[in-house]
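The structure appears right after this line, and notes come after that.
Side chains are part of it too, since the values below use all heavy atoms of this structure and drop only hydrogens, waters and symmetry mates. Order of appearance sets the numbers: ligands from 1, and atoms from 1 within every ligand.
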Amino acid sequence: MSKKFLGILLATAMVAGTLVGCGSTAPATTDAAPAAAAEEAAPAAEEAAPAAANGQKVGVAMPTKDLQRWNQDGANMEAELKAAGYEVDLQYASNDVQQQVSQIENMINGGCSVLVIASIDGDSLGTVLASAKEKNIPVIAYDRLIMNTDAVSYYATFDNYMVGTKQGEYIRDQLDLDNAAGPFNIELVTGDPGDNNAKFFFNGAMDVLNPYIESGKLVVKSGQTKFDECATAEWSSANAQSRAENILSSYYADGTNLDAWMCSNDSTAQGIVAALDANYSGTWPIITGQDCDIVSVKNMIAGKQSMSIFKDTRTLASQVVKMVGQILAGETVEVNDTTTYDNGTGVIPSYLCEPVFADINNYKELLLDSGYYTEDQLQ
Ligand code: BGC
């Protein structure tokens, strides 16, 4: 990643602005300087983690620096935790499961009091987390649920199923599926099979779209409608692009029009846009996304991606810092969902933040007015 990009991320990630969806809010500031912003964030974080911080160390394990959102999540978490008086061990694992396992081992052996983990593969942390449990180190699953281990104490995320339903509903409404004659052609792409979120996104969208596929109003020319057929290893744009190229050359090269491509997130949407740019000459399809990555917001402005889902990473970080404080103070930990997320050992008490619909009509209000991005970043 370029220094410039990193600088932009650090600057924007730490700006506490209007927060969407979660209970905890930080005061707004327009100052993008990291140090100043971290200080600005302090009051909210101190409120969240009263006397408990006391210099204790919190381990924060993020999956990769390759995708914009995890850089923002990591930077937000680090700034908020430090402002609240914690020491922070923040690690990124290049989407390499073994690397993440050894980073977590180091956190456990290095004296971390709480672990906050956005897993690469939700099923691969059982062994290392058993040793966290042995040492009574609480674990918060961050954004992605960690599966099949009883070492996970809490889960904080956005409402993943709702993300998918918003994407499906957008396609339904834009194509006016309840009234228009159709049929319309659609293709589908979702995320990494090792990420528990991906199935929630996909199922949310498909629960809206399936009735129209079954009635024939939506036609999937490739026939690829099952999760495994639509999955994208590591959520990589390149993997999504090469699958899209195959589909376009097999089913749309004869001039067949494509009306929509349901994409579970922005990195996959970017791969689809690249494939369409080079291999498709029909009317530009509706393309969904998630994260409001800078590249995708630019694509939205250029008319190449129709919508995205804004998951304000500042709100998730604030909520998790609050949870850390409550755990360490022995207080009741605030959750708002105790039914949805069973990780195979039972339901994990969760805090779900609300994802927000974003498109060309409201992106300025959501992303610029709230200080999430500057106008320059979207040029
Ligand atoms: C996150 C999405 C993100 C995807 C790829 C998912 O677990 O919830 O926001 O787009 O991972 O990083």
Going by side-chain hydrogen bond (donor to acceptor under 3.5 Å, both in side chains), name the residues that satisfy it together with N109, two or more places apart in sequence or in a different chain.
K135

Mark yes when over 12 heavy atoms from residues, nucleotides or ligands other than K221 sit less than 6.0 Å from its NZ; otherwise mark no.
no

Distance dump, ligand 1 polar atoms to protein, N/O, under 3.5 Å:
{"residue": "ligand 1", "atom": "7 (O)", "partner": "D143", "partner atom": "OD2", "Å": "3.4"}
{"residue": "ligand 1", "atom": "7 (O)", "partner": "R144", "partner atom": "NE", "Å": "2.7"}
{"residue": "ligand 1", "atom": "7 (O)", "partner": "D195", "partner atom": "OD2", "Å": "2.5"}
{"residue": "ligand 1", "atom": "7 (O)", "partner": "N197", "partner atom": "ND2", "Å": "3.1"}
{"residue": "ligand 1", "atom": "8 (O)", "partner": "D143", "partner atom": "OD2", "Å": "2.6"}
{"residue": "ligand 1", "atom": "8 (O)", "partner": "N197", "partner atom": "ND2", "Å": "3.1"}
{"residue": "ligand 1", "atom": "8 (O)", "partner": "K311", "partner atom": "NZ", "Å": "2.9"}
{"residue": "ligand 1", "atom": "9 (O)", "partner": "R69", "partner atom": "NH1", "Å": "2.9"}
{"residue": "ligand 1", "atom": "9 (O)", "partner": "D291", "partner atom": "OD1", "Å": "2.7"}
{"residue": "ligand 1", "atom": "9 (O)", "partner": "K311", "partner atom": "NZ", "Å": "3.0"}
{"residue": "ligand 1", "atom": "10 (O)", "partner": "N265", "partner atom": "ND2", "Å": "2.8"}
{"residue": "ligand 1", "atom": "10 (O)", "partner": "D291", "partner atom": "OD2", "Å": "2.5"}
{"residue": "ligand 1", "atom": "11 (O)", "partner": "R144", "partner atom": "NH2", "Å": "2.9"}
{"residue": "ligand 1", "atom": "11 (O)", "partner": "D195", "partner atom": "OD2", "Å": "3.4"}
{"residue": "ligand 1", "atom": "12 (O)", "partner": "W70", "partner atom": "NE1", "Å": "2.9"}
{"residue": "ligand 1", "atom": "12 (O)", "partner": "R144", "partner atom": "NH2", "Å": "3.3"}

Cationic tip of K304 above W284 ring, under 6.0 Å, 45° of axis
yes

Can you check side-chain hydrogen bond (donor to acceptor under 3.5 Å, both in side chains) on Q72 and R314, steps first, answer last?
CA-CA 8 Å; Q72 279 172 305; R314 297 170 299 195; over 6 Å; no

Within 45° of the six-membered ring axis of Y92 and under 6.0 Å from that ring's centre, is NZ or CZ of K65 located there?
yes

When you measure from the side chain of E229 to the backbone N and O of T225, does any donor-acceptor pair fall under 3.5 Å?
yes

